Every structure is written in structure tokens, then in C-alpha cells.
Participant: 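For reference, the structure I am asking about is given below.
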Amino acid sequence: MIDQAHMHDAAGSAGAMYQHHDHAMKELPAGRAAVIIVVTFAVLLAALWLTSFAIPVRF
Amino acid sequence: MLDGAMVVWFALTAGSVVFVVWDSVFNGVTSWVQRIAWILVTIYTGPVGAFFYLLACRRPLPGTHDAFTAATSKQALNSEMHCLAGDATGIFVAASILPVFSLTNGWDATIEYLAGFVSGLFIFQALMMIGMYEGHYWKAVRKTFFAETVSMNMVMTGMIPVMLILGARWAGSEGPQAPSFWFHMSMATIVGGLVAYPISHWLVANRLKHGCMTLPDADKPAPDWATPRPNPRR
């Protein structure tokens with residue numbers, strides 16, 4: 001069981017946690033990120049299109 | 001038969017939520033954001049959420065959380081729960097309100113997507129992770145936009161077919177007043193989570209999204225374990 005001080009710590013700044021763990025995030029180049037986003041949208045739309053064979057999808 | 005299955009499902013969900021809340025309060029060593037994410041996901045996915053909580057986040061023994069959650073597969077699962085909690089919250093709220101407007105199912109899905117995206121990006125990613133970006137909210141929005149967008153698209157790739165097909169084929173499950181609505185939303189969330197896992201794994205493996213982190217100094221070995229006990233035979 002954790003005590004009150006521990007609980008306060010648990011609710012504290014996320015920043016300290018990331019520094020503690022050295023979890024610096026990377027970034028993709030904008031062009032590559034845009035391509036991946038477009039691909040995931042295409043997959044989503046494909047799922048919607050396949051769904052339309054099972055039930056009518058109307059806008 | 002479906003009514004019986006739903007009763008069992010909701011009973012298991014209630015038990016799962018009680019367990020995850022209890023464990024998060026008394027045994028949790030992650031940030032409150034991560035704990036809330038697991039609680040929300042367990043509300044939405046019932047025993048499935050509790051199973052994955054045990055598998056990927058619950059500290060098995062004092063002092064073991066970092067090692068227990070170190071595998072990329074577990075990091076990815078924790079990362080996905082954070083995303084799924086935000087997205088599903090927006091989707092559930094929208095899906096509960098939209099039947100009032102009697103829109104077509106395509107517009108319902110579109111608005112649910114937007115609600116999930118807004119909830120996921122602006123609240124669960126940017127606002128709750130603001131500490132990671134020195135308190136700059138819009139920097140947090142900008143930095144988390146890519147991970148949130150691709151995760152959200154994959155969550156919805158799983159959720160939309162289930163929501164639309166069950167909503168159309170299961171008479172009476174359209175509105176939030178029907179238990180079957182919550183049951184089919186739970187099923188949709190589980191499928192969405194499964195479909196989104198590979199992209200979550202890729203994001204975490206490439207350090208494009210954070211995983212699960214133990215709070216500094218929150219998970220120390222129990223005092224009894226740190227001190228060798230005297231041998232009673234001496």
C-alpha cells in the first residue's frame with residue numbers, strides 16, 4: 001500500500017518522470033509523416049468501403 | 001441468449017473495474033494519467049481490459065515494475081491504452097448523443113471520428129502529457145499530432161465496421177438507453193484496440209510515442225526484502 005506522500009508524488013509532474021527515464025521522443029521528417037498519415041486514412045476508408053458490402057453506409 | 005451473455009459481460013466488467021481502480025490506487029506506480037487510461041479502458045472493454053492490465057501494467061511485486069514493463073510489447077500496450085482511452089471516450093460520448101439527431105450512419109461515424117480525435121489529441125495526449133513539453137500546450141499538441149492521428153485511424157479502422165454493422169443488424173441497440181448499445185460499443189472498442197496494436201508497437205519501438213514509465217522513487221523494494229533476515233537456526 002502506498003502512503004499519502006507517495007500518492008502526491010504519483011499525481012505529480014509527468015515531466016520529472018520523463019527526465020528520470022530519459023524517454024525523449026523522436027520525430028519523423030514531415031514528408032514521411034504525411035505519407036504515413038495518408039496511408040492510415042486510406043486503410044480507414046478501405047475498412048469503411050468493405051463495411052458498405054455488409055450494410056448500406058449513407059451520407 | 002444474448003441477454004444472458006450481456007448480463008455476464010456487465011458483471012465481469014463491474015468486477016474488472018473495481019479491481020483495476022483498487023489496484024491503481026493502492027499498488028499503482030505510474031502517472032495518474034496512465035492509471036486513468038487503464039481504468040477508462042477497463043470500463044469500455046471489461047475483462048479484456050483487466051486481462052491486459054495484469055499482463056502489461058500491474059506491478060507484480062514491490063520494486064519490479066520497471067523490469068516487468070520493460071519489454072517493447074508491454075510498452076506498446078501501455079501506450080495504446082493511453083490512446084484508446086482518449087479516443088474511445090470521445091467516440092462513446094458522441095455515439096451516446098448522436099441518436100438524438102437521427103443522422104445517417106456515415107455522418108454518425110464521421111462525427112464519432114472527430115469527437116474521438118479531439119478527445120484523444122487535445123485532452124489525453126496534449127493536455128495530460130503537457131509536463132513532457134515544459135508546460136507548452138500547443139507544443140504538446142504539435143508534437144503528439146502524428147502519433148495520435150495514426151493511432152486514431154487504426155482504432156477507428158477496427159471500431160467503425162463493428163459499430164456500423166452491429167448498429168444496423170442489432171435492432172434496439174442504437175441508443176445509450178439500451179444495454180445492447182454499451183455491449184456493442186464494448187465489442188467495437190476491443191476490435192479497435194486489437195487493430196491498432198501493430199501501429200502502437202511500431203511507434204513505441206521507434207520512439208515516436210512514449211510507453212509506460214514508473215514514477216521516480218515510487219517503486220522501491222519492500223523494506224522486508226531489502227534487509228536480510230537473521231537466520232532463525234543460529
Side-chain angles (χ1 to χ4, degrees), chain A, chain B residues 24-35 66 103-107 109-110 113 128-135 143-147 149-165 167-169 195 199 202-203 206-211 213-218:
Chain A
M1 186 181 289
I2 55 178
D3 58 21
Q4 284 295 316
H6 198 142
M7 282 296 291
H8 178 74
D9 191 28
S13 160
M17 180 171 62
Y18 295 112
Q19 285 160 17
H20 170 74
H21 283 266
D22 188 24
H23 273 249
M25 296 293 106
K26 291 181 184 172
E27 277 187 77
L28 286 179
R32 191 169 171 219
V35 169
I36 293 170
I37 287 174
V38 168
V39 168
T40 59
F41 268 114
V43 172
L44 173 57
L45 290 174
L48 192 61
W49 176 68
L50 289 172
T51 304
S52 72
F53 288 104
I55 53 138
V57 179
R58 297 194 184 91
F59 284 90
Chain B
S24 297
V25 172
F26 296 109
N27 188 40
V29 289
T30 58
S31 71
W32 61 273
V33 175
Q34 190 75 38
R35 297 184 213 187
D66 251 350
L103 300 172
T104 56
N105 58 359
W107 282 115
T110 305
Y113 175 91
M128 292 190 175
M129 305 311 289
I130 199 166
M132 195 175 173
Y133 302 99
E134 300 96 36
K143 295 280 187 184
T144 56
F145 178 81
F146 170 73
T149 306
V150 296
S151 298
M152 175 73 195
N153 286 352
M154 290 299 100
V155 167
M156 281 306 261
T157 297
M159 283 188 81
I160 281 182
V162 179
M163 285 193 298
L164 291 183
I165 292 170
R169 295 275 169 87
V195 171
I199 197 91
W202 178 78
L203 288 166
N206 288 282
R207 300 191 74 170
L208 297 167
K209 200 168 178 224
H210 57 84
M213 285 151 280
T214 311
L215 283 167
D217 303 322

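Naming convention: chains lettered A, B, ... in sequence-line order (proteins, then strands); numbering from 1 in each chain. Everything numeric in this text was worked out from a predicted model, so none of it was measured.
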Participant: Can you say whether B/K143 sits under 4.5 Å from chain A via the side chain, the backbone, both, or neither, judging by heavy atoms?
Facilitator: side chain
Participant: Do you know which of B/L103, B/I165, B/I199 has the most heavy-atom pairs with chain A at a distance under 4.5 angstrom?
Facilitator: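 Counting heavy-atom pairs under 4.5 Å, the top option is B/I165.
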Participant: If the condition is ring-ring contact (aromatic ring centres under 6.0 Å, His included), which residues does B/W107 pass it with, not counting sequence neighbours?
Facilitator: A/F59
Participant: Counting only pairs under 3.5 Å, give me each side-chain donor-acceptor contact of residues 29-56 of chain A, with atom names and distances, residues two or more places apart or in other chains.
Facilitator:
{"unit_1": "A/T40", "atom_1": "OG1", "unit_2": "A/I36", "atom_2": "O", "d": "3.4"}
{"unit_1": "A/T40", "atom_1": "OG1", "unit_2": "A/I37", "atom_2": "O", "d": "2.7"}
{"unit_1": "A/T40", "atom_1": "OG1", "unit_2": "B/N153", "atom_2": "ND2", "d": "2.8"}
{"unit_1": "A/T51", "atom_1": "OG1", "unit_2": "A/A47", "atom_2": "O", "d": "2.6"}
{"unit_1": "A/S52", "atom_1": "OG", "unit_2": "A/W49", "atom_2": "O", "d": "2.4"}

Participant: Taking side chain as C-beta onward, heavy atoms only, is A/R58 less than 4.5 Å from B/N105?
Facilitator: yes
Participant: At a heavy-atom separation under 4.5 Å, does B/M154 approach chain A through its side chain, its backbone, both, or neither?
Facilitator: side chain
